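We name chains A, B, ... by the order of the sequence lines, and we start the count at 1 in each one. A quick note: this is a predicted structure, and the numbers were derived from the prediction, not measured.
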Protein chains: 2
Amino acid sequence: MTTRDPRVPGLARLAALIADETRAACLLALLDGRAWTAGELARHAGVAASTLSEHLSRLVAGGVLAEERQGRHRYVRLADARVAQLVEDLAAQVAPGEAVRPRTLREASAGSAMARGRTCYDHLAGRLGIAVTDALTERGLLRQDTGFALTDAGVEWFGRVGIALDRSGRRPLARGCLDWTERRPHLAGVAGAALCRHALEAGWCVRVGSERAVVVTAAGEREFFAVLGVSVEGVR
Amino acid sequence: MTTRDPRVPGLARLAALIADETRAACLLALLDGRAWTAGELARHAGVAASTLSEHLSRLVAGGVLAEERQGRHRYVRLADARVAQLVEDLAAQVAPGEAVRPRTLREASAGSAMARGRTCYDHLAGRLGIAVTDALTERGLLRQDTGFALTDAGVEWFGRVGIALDRSGRRPLARGCLDWTERRPHLAGVAGAALCRHALEAGWCVRVGSERAVVVTAAGEREFFAVLGVSVEGVR
DNA sequence: CGGACACTTCGGCGACCGCCGAAGCATGGG
DNA sequence: CCCATGCTTCGGCGGTCGCCGAAGTGTCCG
C-alpha cells in the first residue's frame with residue numbers, strides 16, 4: 001500500500017448505500033422526482049416499516065436523500081439532480097443484457113406504458129423523450145454529433161415557446177441521459193427539466209397511475225406538432 | 001410491493017462491486033487507464049494476494065474490469081470508458097466536503113503534483129486539464145454554456161493540429177468530466193482522449209513516477225502556447 | 001529439470017448487515 | 001380525550017462477506 005487515494009472510503013461508503021436491493025428499489029422509485037413517504041416506500045419495497053426507516057436514515061445521512069417531515073409523515077426525495085443522474089447512469093450501465101421480460105399481461109401493459117412515455121427524475125424519457133430529443137436535433141436546436149448541447153437557435157426556441165431556462169445554477173443547460181428502454185440519450189439538464197415541467201403544466205401530457213408513466217393528451221399532440229413538428233403517432 | 005423495477009437487482013449488484021474499500025481502491029487506481037497486475041493491486045490496496053484475487057474475479061465477472069492473462073501475470077483494466085466515467089462520477093459526488101488534507105510533506109508534494117496535472121482514465125485532468133479546456137472554450141472551439149460540445153471550429157481545429165477523432169463508436173465526441181481537485185468540468189470523451197494521447201506521444205507532457213501525475217515539458221509549453229494560446233505558467 | 005514466482009483455491013474465523021416483531025413515541029381525527 | 005396511524009428504536013437471529021494463511025497450479029528462467 002503506497003499513497004492511497006483519499007476518495008477510497010467515501011466512494012465505498014457511497015456505493016454501499018446503493019448496494020442493497022431494498023435501498024436500490026427506493027432510489028429507482030424516487031427517480032420519478034417526487035417525494036414519497038416512508039410507508040409508501042416500505043410497501044413498494046416489500047419490507048417492514050421498521051426496516052425501511054433505518055434504510056432512509058442511512059440514505060439521508062449519506063446525503064443521497066433529502067427529507068422533509070410533515071406531521072406524522074416523513075417525506076423523502078433524491079437530494080438533487082446530480083444524485084438522480086448518478087442513479088440513472090448506474091442503472092443504465094446495468095440494463096444491457098439484463099433486461100427482464102415481463103411475465104404477466106398486466107406487467108406487459110404497464111411496461112409498455114412506461115416504454116411509451118415516462119419521466120426520468122424531472123425530464124421526459126421513453127419513446128416520448130426520444131421523439132422530442134430527435135425533433136430538437138433535426139430542427140437544429142440541439143447538437144448531439146459533437147457532444148450534447150443546445151444551439152443558439154435552440155436557446156432562442158425555448159424563449160419563443162415561453163419556457164424559461166434558469167441559467168444561474170451549476171447544473172448544465174443540456175446533457176444527455178441514457179434512456180433505459182431506448183438505449184439512446186434523451187435530453188436532460190435544465191432544458192430537459194424545463195420542457196418536461198412545461199409539458200405537464202400546459203397539459204401536453206398527464207401522469208397516469210402512480211408510476212412514472214405519462215401519456216400525451218390530444219391538446220399535447222397538436223402542440224408538440226405545432227412547436228416541434230413532431231408527430232407523436234408512435235408514442236401514444 | 002407493487003410492480004418492481006427490473007433494474008433493482010442489477011443496480012444493487014453493480015453498486016456492491018464498488019462498495020468495498022479494497023475494490024474501490026483498485027478501481028480508483030485503475031482510473032489511470034493502464035493495466036495493473038494482480039500483485040501490484042494487492043500491494044497498493046494492502047491486502048493478501050489471495051484476497052485480491054477473489055476481488056478481481058468478482059469485478060471481472062461483473063463486467064467492471066477486463067482481464068488479459070500473460071504468462072504468469074493477470075493484467076486487469078477498467079472494462080471501458082463508460083465504467084471509467086461512472087467511477088469518476090461516483091468519486092466526484094463524494095469529494096465535496098470529504099477532501100482530506102495531506103498530513104505529511106511527502107503527501108503534500110505528491111498531492112500537488114496530482115493537482116497540477118494528471119490523467120483521468122484517458123484524458124487530461126487537474127489544473128492542466130482545466131487550462132486546456134478553458135483555452136478551447138475561450139477560442140470558441142468548445143461550448144460549455146449550452147451543454148458540453150465541440151463547435152464546428154473545434155472539430156476543424158483537431159484536424160488542423162493533426163489529431164484524429166474517431167467518430168465511429170458510440171462514445172460521445174466531447175463530454176464534461178467533473179474534475180476532482182478543481183471542482184469544474186474538463187474535456188473528456190473521444191476528443192479528450194485523443195488530445196491526451198497526442199500530448200503524451202508528441203512529448204508535450206510526460207508521466208512522472210508510477211502515479212497518474214503528468215508534467216508539461218519545455219517543448220510542450222511552446223506547443224500548448226502555439227496551438228491553443230494557453231500559458232501553462234500556473235500549471236507547471 | 002528444478003526452483004523462484006505469480007496467482008488461485010480452500011477452510012475457517014470474525015464482523016457486519018438486513019430482516020423482523022414488539023414496544024415506544026409522536027401526530028391527527030373522531 | 002382516546003384511539004388509530006405513521007414512524008422509530010431495540011434485541012435478536014441468520015446470512016453474507018472480507019480477511020488470512022496454507023496448500024496447490026501453472027509459468028518462466030537458469
Side-chain angles (χ1 to χ4, degrees), chain A residues 1-2 4 8-30 34-62 64-77 210, chain B residues 1-2 4 8-30 34-62 64-77 210:
Chain A
M1 176 161 59
T2 54
R4 270 281 280 267
V8 168
L11 173 57
R13 225 176 308 136
L14 174 58
L17 288 176
I18 313 176
D20 171 82
E21 290 221 0
T22 299
R23 287 194 294 264
C26 292
L27 293 175
L28 287 174
L30 288 164
R34 292 179 292 185
W36 292 49
T37 68
E40 285 169 345
L41 286 172
R43 280 187 295 278
H44 176 79
V47 296
S50 58
T51 300
L52 204 109
S53 174
E54 287 167 358
H55 284 308
L56 291 187
S57 297
R58 293 184 59 175
L59 289 169
V60 169
V64 173
L65 299 187
E67 75 179 350
E68 202 172 328
R69 310 239 176 188
Q70 271 180 29
R72 55 185 173 185
H73 291 282
R74 178 194 207 178
Y75 284 95
V76 293
R77 53 184 164 72
S210 60
Chain B
M1 176 162 59
T2 54
R4 270 280 281 266
V8 168
L11 173 57
R13 224 176 310 137
L14 173 58
L17 287 176
I18 312 176
D20 171 81
E21 290 219 1
T22 299
R23 288 194 295 265
C26 292
L27 294 175
L28 288 175
L30 287 164
R34 292 178 291 185
W36 292 50
T37 67
E40 285 169 344
L41 286 172
R43 281 187 294 277
H44 176 79
V47 296
S50 59
T51 300
L52 204 109
S53 174
E54 287 167 358
H55 283 309
L56 291 187
S57 297
R58 292 183 61 176
L59 289 169
V60 169
V64 174
L65 298 186
E67 75 178 352
E68 202 173 327
R69 310 240 176 186
Q70 272 181 27
R72 54 186 172 184
H73 292 281
R74 178 194 208 177
Y75 284 95
V76 292
R77 53 183 163 73
S210 61

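- As judged by a 4.0 angstrom heavy-atom cut-off over every strand, Ala48(B) is placed among residues touching the sugar-phosphate backbone only.
- Taking NE2 of His55(A) as the reference point, atom OG of Ser50(A) lies at 9.5 Å (rounded to 0.5 Å).
- When the P atom of dC19(D) is taken as reference, atom CG of Leu52(B) falls 9 Å away, rounded to whole Å.
- Side-chain contact between Leu56(A) and Glu67(A): absent, with no pair of heavy atoms (C-beta onward) separated by less than 4.5 Å.
- The nearest whole Å value for the distance from the CZ atom in Arg43(B) to the P atom in dA6(C) is 7 Å.
- One distance of note links CG of Leu41(A) with OG1 of Thr22(A); it measures 11.0 Å at 0.5 Å rounding.
- For the atom pair NE2 of His73(A) and CD of Glu68(A), the computed distance is 13.0 Å after rounding to the nearest 0.5 Å.
- Counting any heavy atom pair closer than 4.0 Å across all strands shown, Ser57(A) reaches no nucleic acid atom.
- The shortest distance between the side-chain N/O atoms of Arg23(B) and the OP1/OP2 oxygens of dC19(D) is not below 4.0 Å.
- Here His73(A) does not reach the OP1 or OP2 of dT5(D): none of its side-chain N or O atoms lies under 4.0 Å away.
- Remark: the Ser50(B) side chain and the dG21(D) base include a donor-acceptor N/O pair separated by less than 3.5 Å.
- His55(B) places its NE2 atom 15 Å from the C1' atom of dT9(C), with the value rounded to the nearest Å.
- At the phosphate of dC19(D), OP1 or OP2 sits under 4.0 Å from a side-chain N or O atom of Thr22(B).
- What separates CZ of Arg72(B) from P of dG26(D) is a distance of 15 Å, to the nearest Å.
- Residue Thr51(B) places none of its side-chain N or O atoms closer than 4.0 Å to OP1 or OP2 of dG18(D).
- When rounded to the nearest whole Å, the span between CG of Leu59(A) and P of dG18(C) equals 10 Å.
- Between Arg69(B) atom CZ and dC28(D) atom C1' the separation is 17 Å, expressed in whole Å.
- Toward the 5′ end of DNA chain C lies the nearest nucleotide of Ala38(B), the other residue of the pair Asp20(A) and Ala38(B) mapping further downstream.
- Between Gln70(B) and Ala19(B), it is Ala19(B) whose nearest contact on DNA chain D lies nearer the 5' terminus.
- Summarising the geometry, the separation between CZ on Arg74(A) and C1' on dA26(C) is reported as 14 Å, rounded to the nearest angstrom.
- Listed pair Ser53(B) / dT8(C) meets the phosphate criterion, a side-chain N or O lying under 4.0 Å from OP1 or OP2.
- Side-chain contact between Ile18(B) and Leu14(A) is absent, with no heavy-atom pair separated by less than 4.5 Å.
- In this entry the distance linking CG of Leu17(A) with P of dG18(C) reads 9 Å, nearest Å.
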